[in-house]
A.B. asks: 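This is the structure I have questions about; it appears just below.
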Amino acid sequence: MNNKVKNGLIVAAVILLGVLPLLLVNGEFTGADGAAEEMIREINPSFEPWFTPLLEPPAETESMLFALQAAIGAGFIGYVIGLFKGRSSKSSNKDKR
């Protein structure tokens with residue numbers, strides 16, 4: 001199996017992982033925080049939170065901050081992988097000389 005076929009299969013798998021849940025899952029996509037809060041209210045309706053957040057941004061801003069956090073994390077991981085790959089190829093080129 002050559003690299004083009006492998007890369008095509010990986011891209012197809014990634015696309016399927018993104019699309020299949022959207023097609024197969026019937027329900028509302030909500031955050032875990034909201035689901036946990038709802039479950040706590042069901043279990044103990046008289047529950048009073050002991051802490052209130054200092055800042056409650058609108059839902060769109062929360063989504064943007066979450067996406068920004070994910071992008072920064074992905075960038076950091078990509079940087080580290082590139083750094084190690086570059087070091088590896090540099091040392092292998094040094095050994096060939």
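None of these values were measured; they are calculated from a predicted model.
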A.B. asks: Distance check, rounded to the nearest 0.5 Å: Thr61 atom OG1 versus Leu55 atom CG?
C.D. replies: 9.0 Å
A.B. asks: Restricting to non-hydrogen atoms, name the atom on Ser89 and the atom on Ser92 that form the minimum distance, rounded to 0.1 Å.
C.D. replies: O-OG, 2.9 Å
A.B. asks: If you round to the nearest 0.5 Å, how far is NZ of Lys6 from NZ of Lys4?
C.D. replies: 14.5 Å
A.B. asks: With clusters defined by side-chain heavy atoms of hydrophobic residues (ILVMFWY) lying less than 4.5 Å apart, directly or transitively, does Val14 cluster with Val19?
C.D. replies: no
A.B. asks: Hey, could you give me the CZ/CD distance between Phe47 and Glu42, rounded to the nearest 0.5 Å?
C.D. replies: 14.5 Å
A.B. asks: Would you check, one step at a time, whether the test side-chain contact (heavy atoms from CB on, under 4.5 Å) holds for Ile72 with Phe76?
C.D. replies: CA-CA 6 Å; Ile72 290 171; Phe76 178 75; 5.5 Å; no
A.B. asks: Are the side chain of Ser63 and the backbone N or O of Ala59 linked by a donor-acceptor pair below 3.5 Å?
C.D. replies: yes
A.B. asks: Atom CG in Leu17, atom CG in Leu22: separation rounded to 0.5 Å?
C.D. replies: 11.5 Å
A.B. asks: Transitively linked via ILVMFWY side-chain contacts under 4.5 Å: Leu23 with Ile15?
C.D. replies: yes
A.B. asks: Quiz question: by atom type and distance under 3.5 Å, do the side chains of Ser46 and Asn44 form a donor-acceptor pair?
C.D. replies: yes
A.B. asks: Mind checking the CD-CG spacing from Glu62 to Asp33? Nearest 0.5 Å is all I need.
C.D. replies: 8.0 Å
A.B. asks: Roughly how far, to the nearest 0.5 Å, is the CD1 atom of Ile10 from the CG atom of Asn3?
C.D. replies: 9.0 Å
